[in-house]
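Protein chains get the first letters and strands the later ones, always in sequence-line order, with residue 1 at the start of each.
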Amino acid sequence: MLDIKQIRKEPDKVKELLSRRGADFKLDKLLDIDKIRREMLIKSEAIKAEQNKVSKLIPTLKKDGKDTKELFEEMKQLSDTAKELDFKIREIDDEISAFLLDIPNMPNENIAIGKDDKDNIEVRKHLEPTKFSYEPKAHWDIGVELGILDFERAVKITGSRFSMFKGMGARLERAIINFMLYTNSSEGGYTEISPPFMVNRKSMTGTGQLPKFELDAFGVRDTDYFLIPTAEVPVTNMHADEIIPGDTLPLYYTAYTPCFRAEAGSAGRDTRGLIRNHQFDKVELVKFVKPQDSYEELEKLTNNAENILKKLKLPYRVVELCTGDIGFSSAKTYDLEVWMPSYGRYVEISSCSNFESYQARRANIRYRDEEGKVQYVHTLNGSSLAVGRTFAAILENYQQEDGSVKIPDVLVQYLNGLTIITKEGL
RNA sequence: GGAAAGGUGGCUGAGUUGGCUUAAGGCGCACGAUUGGAAAUCGUGUGUGGGCUAAUACCCCACCGAGGGUUCGAAUCCCUCCCUUUCCGCCA
């Protein structure tokens with residue numbers, strides 16, 4: 001969340017930056033109730049100071065046999081007044097905190113101002129879109145024909161927007177995960193984490209999924225737990241309510257998890273194949289860094305994610321998201337988009353963001369700097385990569401005219417030397 | 001899921017017949033003294049959040065797992081919840 005002190009100090013700057021997202025957040029109302037709160041707080045604290053003073057005198061008064069009845073009556077009055085004030089302050093606190101939790105992060109000042117994804121900026125490109133001498137097939141056709149994907153049975157077992165990997169499909173998916181994790185830990189220096197796949201409400205709030213986007217998440221019945229929509233949630237919240245020793249920063253983590261998203265609003269788009277499902281696998285990168293390093297770290301993290309695509313020899317481009325398209329908690333985001341022949345365009349496969357102190361403030365993640373001062377860390381994360389979409393991209397970009405699919409070189413060692421998936425080979 | 005015990009500052013550990021505790025003592029840590037240097041010893045300091053403020057200076061408020069309550073006053077009494085440990089049950 002945003003810093004209420006900053007909103008007080010430079011309201012115009014905050015308003016201006018937030019307005020670049022294309023919405024109005026009524027900060028004046030927030031500032032009004034904040035002012036009332038502080039006035040009441042000063043009164044309440046003055047009363048408590050008085051109570052403390054008197055309390056220290058009472059034992060002596062009693063010992064001297066003085067009559068304290070009148071004093072007690074006075075103090076009772078004060079105490080009641082303080083309680084009334086505190087009750088109102090608590091109400092305002094709840095109101096302020098609900099308000100702040102619903103306000104998104106301020107976009108970084110330097111990113112492109114825009115309305116939606118049409119205003120995003122292509123930063124760079126790697127490899128040309130794959131060319132075919134025949135009409136390329138979509139991954140859902142390739143996978144089903146090879147018998148490595150089974151959508152019909154997934155729908156039978158669960159429902160629409162679920163998928164199932166079979167035989168070499170399941171093995172290929174596992175190979176992709178292992179390749180990503182291994183590359184991230186051995187080359188990127190990320191520590192591998194295998195976190196819980198369900199988290200509590202506090203964790204979902206810490207990273208920004210709640211309270212505003214509760215409908216997008218799957219809750220677990222009769223509990224207050226949620227299936228994680230991304231490993232970002234458990235891994236970022238690892239350090240919630242902690243003060244991290246400054247000399248241990250930066251911290252790099254990578255985690256493979258399934259991800260569960262209800263995404264009620266997106267029904268109707270990308271209805272076929274692996275692109276938009278309620279459950280998908282993802283390998284995530286998460287960083288905790290010092291504020292002054294966070295933008296350099298974002299570049300490095302994006303490069304780490306790109307590195308996976310490069311090694312897989314998949315054509316992709318890097319897009320800088322404009323102010324109208326960045327996520328709720330993000331200050332700056334690069335999307336990696338892979339070439340998807342069936343779509344005839346690039347499709348998002350990774351999203352790398354710098355959240356600055358926004359999540360750190362929500363989740364209370366701090367560190368002690370060189371001068372011993374406690375301050376909020378900056379958090380970052382990015383997918384490296386979404387596994388289902390990587391699977392789809394491999395099928396589509398590595399497909400052969402006879403319906404088989406070549407295995408990218410870097411994955412061969414994870415498949416015991418297998419170089420091609422054919423129907424006969426199953 | 002059942003039973004019991006317990007959650008105190010960076011760690012350890014007192015305090016639970018409510019008020020000389022503004023949380024004792026010890027360890028650790030930081031600085032200083034001592035020393036040729038070190039150890040030992042001695043001294044001083046040692047948290048987080050909030051308010052006020054130019055201030056990361058004073059001062060004030062809050063915090064003994066979390067949240068309520070009783071009281072002039074709560075680490076201490078009451079209620080609810082969470083967690084930990086041990087034992088039992090169930091189970092991969």
Report task. Look at A:Arg361 together with A:Glu356 and state whether they make a salt bridge at an N to O cut-off of under 4.0 Å. Result -> no

Query raised in the report: Is A:Arg8 touching bases, backbone alone, or none of the nucleic acid, heavy atoms closer than 4.0 Å?
Result: sugar-phosphate

Report task. Look at A:Arg38 and B:G50 and indicate whether a side-chain polar atom (N or O) is within less than 4.0 Å of OP1 or OP2. Result -> no

Query raised in the report: Are any of A:Asn52's side-chain N or O atoms less than 4.0 Å away from OP1 or OP2 of B:U22?
Result: no

Query raised in the report: Looking at A:Arg37, does any N or O in its side chain come under 4.0 Å of the phosphate oxygens OP1/OP2 on B:G50?
Result: no

Query - A:Arg20/A:Glu16 ion pair, N-O < 4.0 Å - result: yes

Report summary line: In whole angstroms, the gap separating P of B:A74 from CD1 of A:Ile58 amounts to 11 Å

Requested in this report: Looking at every strand, decide which applies to A:Val374 at a 4.0 Å heavy-atom threshold: base, sugar-phosphate, or nothing.
Outcome: sugar-phosphate

**Report entry** A:Phe162 and A:His278 aromatic centres sub-6.0 Å
**Finding:** yes

Query - Salt-bridge contact A:Lys15-A:Asp28 (side-chain N to carboxylate O under 4.0 Å) - result: yes

Report task. Output yes when at least one side-chain N/O atom of A:Thr60 is less than 4.0 Å from OP1 or OP2 of B:C20, else no. Result -> no

Report task. Kindly say if A:Arg368 contacts the phosphate of B:U46, meaning a side-chain N or O under 4.0 Å from OP1 or OP2. Result -> no

Query raised in the report: If each of A:Glu45 and A:Phe72 is mapped to the nucleotide of RNA chain B with the nearest heavy atom, which maps nearer the 5' terminus, i.e. the 5' end?
Result: A:Glu45

Requested in this report: For this output row, return yes or no: ring centroids of A:His239 and A:Phe288 closer than 6.0 angstrom.
Outcome: yes

Query raised in the report: Given atom CG of A:Asp34 and atom P of B:G50, what is their separation to the nearest angstrom?
Result: 12 Å

Report summary line: Mate of B:A33 across any strand shown (Watson-Crick or G-U wobble, both atom pairs under 3.5 Å) is B:U41

Query raised in the report: Is there a side-chain polar atom (N or O) of A:Lys48 under 4.0 Å from OP1 or OP2 of B:G50?
Result: no

**Report entry** B:G49 OP1/OP2 closer than 4.0 Å to side-chain N/O of A:Arg366
**Finding:** yes

Query raised in the report: Atom CD1 of A:Ile42 to atom P of B:G51: distance rounded to whole Å?
Result: 10 Å

Query raised in the report: With both distances under 3.5 Å as the test, what is the Watson-Crick or G-U wobble partner of B:U84?
Result: B:A5

Query raised in the report: Can A:Asp369 and A:Lys290 be counted as an ion pair, charged N to O under 4.0 angstrom?
Result: no

Query raised in the report: Rounded to the nearest Å, what distance is computed from the CG atom of residue A:Asp241 to the C1' atom of nucleotide B:G65?
Result: 12 Å

Query raised in the report: Would you say A:Lys76 reaches B:C72's phosphate, i.e. side-chain N/O to OP1/OP2 under 4.0 Å?
Result: yes

Report task. Return the value, rounded to whole Å, for the distance between atom CD of A:Gln375 and atom P of B:G47. Result -> 18 Å

Query raised in the report: Taking any strand in view, what nucleotide pairs with B:U56 in a Watson-Crick or G-U wobble way, both distances under 3.5 Å?
Result: none

Query raised in the report: Just to confirm, is there a sub-4.0 Å distance from OP1 or OP2 of B:G50 to any side-chain nitrogen or oxygen of A:Lys5?
Result: yes

Requested in this report: Can you tell me the pairing partner of B:A75 across any strand shown, Watson-Crick or G-U wobble, with both distances under 3.5 angstrom?
Outcome: none

